[in-house]
*Asks:* 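Structure incoming, see below.
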Amino acid sequence: MIEILNPTLLARARDTGALVADILQTVKSRSTIGTNLLDIDRWAKDMILEAGATSCYVDYAPSFGRGPFGHYICTAVNDAVLHGRPYDYSLADGDLLTLDLAVSLGGVAADAAISFIVGDTRPPESVALISATERALAAGIAAAGPGARIGDIAHAIGTVLTEAGYSINTEFGGHGIGSTMHQDPHVPNTGRPGRGYTLRPGLLLALEPWVMADTARLVTDADGWTLRSATGCRTAHSEHTIAITDDGAEILTIPKQARA
């Protein structure tokens, strides 16, 4: 299903996106050496419920997961890259942490992810991974606009990641979003320009470039959810929800203060 939002729903999407961004930035600021992933999940739960929003994750049970996810935020550390299920782990100096969050507010969902390094240590490989996904995300957003095609976004993302020296896994990528978290069209992280669905004003997309340092192969953790690099290498993931407008692409998942 591909949804095209009317102006009323688009205004709600801006509120949802700002909430997602605010929660991610708050959790990031609190995530220091010694922070437990289960505490991060509790913080996210409290902020979601306080805002009157609904988690898109708690009851989420797709075919690629083992039962309902059961948590409010994805916490992926080091070799984990997607669907990181929070568990009893305390963050260490130099850990690469990815936070991925999707909530619904006013009947509209938004989805975003950030990767960052905990503590003062800055492993060069981790810095490079994060930078590549952030630059690829910016390139994908720049390629989006009315009349552009999904392949234009995929090509822009893939070009940045490939030129940075990373292999690209195409099992998971970006997606349409609206009244539900995961919708058509699928937005792969590599592709051919001029191909695929033509973007229209009112379409919401979650773009999410992610990479692993030395492999394109994933393995599933024993928890049935967390996806890790097959070689144990580090990973990174960046994501924004955008709206296609008459003027181009509007980033929805930025904090309220930044939007103002």
Side-chain angles (χ1 to χ4, degrees), residues 1-3 16 20 23-24 27 31 36-49 53-89 91 95-105 108-115 133 168-189 204-212 215-241 253:
M1 177 178 68
I2 296 178
E3 286 185 347
T16 311
V20 168
I23 291 174
L24 286 175
V27 172
S31 298
N36 193 285
L37 299 184
L38 294 176
D39 287 333
I40 291 175
D41 189 54
R42 177 175 54 80
W43 297 337
K45 174 184 177 180
D46 290 346
M47 286 184 279
I48 291 169
L49 297 182
T54 303
S55 168
C56 294
Y57 292 162
V58 172
D59 298 321
Y60 189 50
S63 59
F64 56 79
R66 190 173 67 204
F69 186 72
H71 292 271
Y72 288 79
I73 191 169
C74 294
T75 56
V77 182
N78 295 334
D79 66 321
V81 64
L82 298 173
H83 315 151
R85 204 163 185 262
Y87 66 104
D88 184 12
Y89 173 80
L91 295 169
D95 276 348
L96 197 167
L97 174 62
T98 296
L99 302 175
D100 191 352
L101 178 69
V103 305
S104 180
L105 180 68
V108 185
D111 191 0
I114 55 175
S115 289
T133 61
I168 300 173
N169 177 293
T170 56
E171 294 174 77
F172 296 92
H175 52 89
I177 187 168
S179 59
T180 56
M181 174 174 58
H182 284 152
Q183 299 181 357
D184 291 329
H186 174 64
V187 188
N189 286 327
L204 265 57
L205 296 172
L207 308 184
E208 47 182 314
W210 58 276
V211 289
M212 300 176 282
T215 185
R217 190 165 68 88
L218 293 166
V219 293
T220 304
D221 191 84
D223 66 12
W225 273 98
T226 304
L227 296 177
R228 300 183 181 276
S229 62
T231 61
C233 68
R234 290 203 167 191
T235 69
H237 175 199
S238 297
E239 178 179 14
H240 271 310
T241 294
T253 43

*Asks:* Using every non-hydrogen atom in the two residues, find where L218 and W210 come nearest and quote the distance to one decimal.
*Replies:*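 Minimum heavy-atom contact is CD1-CH2, 3.7 Å.
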*Asks:* Ignoring hydrogens and geometry, is there a side-chain-to-backbone donor-acceptor pair from T16 to V108 under 3.5 Å?
*Replies:*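 Yes, because the side chain of T16 sits within donor-acceptor range (under 3.5 Å) of the backbone of V108.
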*Asks:* Rounded at 0.5 Å granularity, tell me how far CH2 in W43 sits from CD1 in I73.
*Replies:*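 The distance works out to 10.0 Å.
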*Asks:* List the steps and the verdict of side-chain contact (heavy atoms from CB on, under 4.5 Å) for T98 and V81.
*Replies:* CA-CA 7 Å; T98 296; V81 64; over 6 Å; no
*Asks:* What's the shortest heavy-atom distance between V20 and A110, and which atoms?
*Replies:*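 Residues V20 and A110, closest heavy atoms: CG2-O, 3.6 Å.
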*Asks:* Are the side chain of T235 and the backbone of N78 linked by a donor-acceptor contact shorter than 3.5 Å?
*Replies:*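 Checking the backbone N and O of N78 against the side chain of T235, a donor-acceptor pair under 3.5 Å is found.
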*Asks:* Is a side-chain donor or acceptor of H240 paired with a backbone partner of T253 at a separation under 3.5 angstrom?
*Replies:*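 Pair found, side chain donor or acceptor close to backbone of T253.
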*Asks:* First locate atom NE2 of H175, then atom CG of D111, and finally report the distance between them rounded to the nearest 0.5 Å.
*Replies:*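 Taking NE2 in H175 and CG in D111, the distance rounds to 4.5 Å.
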*Asks:* Is the backbone of T54 close enough, under 3.5 Å, to the side chain of S104 for a donor and an acceptor to pair up by distance?
*Replies:*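 No; zero donor-acceptor contacts below 3.5 Å.
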*Asks:* Do any N or O atoms from the side chain of R217 and from the backbone of T231 form a donor-acceptor pair under 3.5 angstrom?
*Replies:*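 Looks like no, no N/O pair under 3.5 Å.
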*Asks:* CG/L49 to OG/S55 distance, rounded to the nearest 0.5 angstrom?
*Replies:*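 Reported to 0.5 Å precision, the distance equals 8.5 Å.
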*Asks:* Which distance, rounded to the nearest 0.5 Å, do you find between the OG1 of T220 and the CG of D223?
*Replies:*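 Spacing of OG1 (T220) from CG (D223) equals 8.5 Å.
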*Asks:* In Å and rounded to the nearest 0.5 Å, what is the OG1 to OH distance from T75 to Y87?
*Replies:*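 Going from OG1 on T75 over to OH on Y87, the span is 8.0 Å.
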*Asks:* Measure the acute angle between the ring planes of H83 and F64, then classify it against the limits of 30° and 60° as parallel, tilted or perpendicular.
*Replies:*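 The rings of H83 and F64 lie parallel, inter-plane angle below 30°.
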*Asks:* Checking D95 side chain against L97 main chain: does a donor-acceptor pair fall under 3.5 Å?
*Replies:*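 Looks like no, no N/O pair under 3.5 Å.
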*Asks:* How close do C233 and T215 get, heavy atom to heavy atom, and via which atoms?
*Replies:*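 That closest heavy-atom pairing would be SG-CG2, 4.0 Å.
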*Asks:* Does any N or O in the side chain of D41 come within less than 3.5 Å of the main-chain N or O of Y72, such that one atom is a donor and the other an acceptor?
*Replies:*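 Yes, the answer is positive, given that a donor and an acceptor are paired below the 3.5 Å cut-off.
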*Asks:* Would you say L82 and C74 make side-chain contact, with heavy atoms under 4.5 Å?
*Replies:*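 A side-chain contact is absent here, since even the closest heavy-atom pair is not under 4.5 Å.
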*Asks:* Can you check whether D88 reaches N36 side chain to side chain, under 4.5 Å on heavy atoms?
*Replies:*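 With C-beta onward as the side chain, the pair touches.
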*Asks:* Would the distance check show the side chain of E208 and the main-chain N or O of A113 forming a donor-acceptor pair, the cut-off being under 3.5 Å?
*Replies:*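 Answer holds: no.
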*Asks:* Kindly compute the distance separating OH (Y60) from CZ (F69), expressed to the nearest 0.5 Å.
*Replies:*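 It comes to 11.0 Å.
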*Asks:* If you compare all heavy atoms of G173 against all heavy atoms of H186, which two are closest, and at what distance to 0.1 Å?
*Replies:*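 It is N-CE1, 3.7 Å.
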*Asks:* Kindly indicate whether the side chain of I40, heavy atoms from C-beta on, has any atom under 4.5 Å from the side chain of P86.
*Replies:*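 Not touching, per the 4.5 Å side-chain cut-off.
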*Asks:* Could you note down all residue pairs passing salt bridge (Lys or Arg N to Asp or Glu O under 4.0 Å) where residues 173-189 supplies at least one of them, sequence neighbours left out?
*Replies:*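 Not a single pair qualifies under salt bridge (Lys or Arg N to Asp or Glu O under 4.0 Å).
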*Asks:* Return each pair, listed once, that meets salt bridge (Lys or Arg N to Asp or Glu O under 4.0 Å) where at least one residue sits in residues 224-239; pairs must be two or more places apart or across chains.
*Replies:*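 Those involving residues 224-239 are D79-R228, D221-R228.
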*Asks:* Compare every heavy atom of S115 with every heavy atom of L96, then report the nearest pair and how far apart it is.
*Replies:*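 Minimum heavy-atom contact is CD2-CB, 4.0 Å.
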*Asks:* Is the closest side-chain heavy-atom distance between L205 and P185 below 4.5 Å?
*Replies:*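 SC-SC contact between L205 and P185 confirmed.
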*Asks:* Looking only at non-hydrogen atoms, find the nearest pair between P62 and W225 and report the distance.
*Replies:*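 Nearest pair, atom of P62 first, then W225: CD-CH2, 3.2 Å.
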*Asks:* Between I48 and L101, is any pair of side-chain heavy atoms under 4.5 Å apart?
*Replies:*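 Answer yes - side chains close enough.
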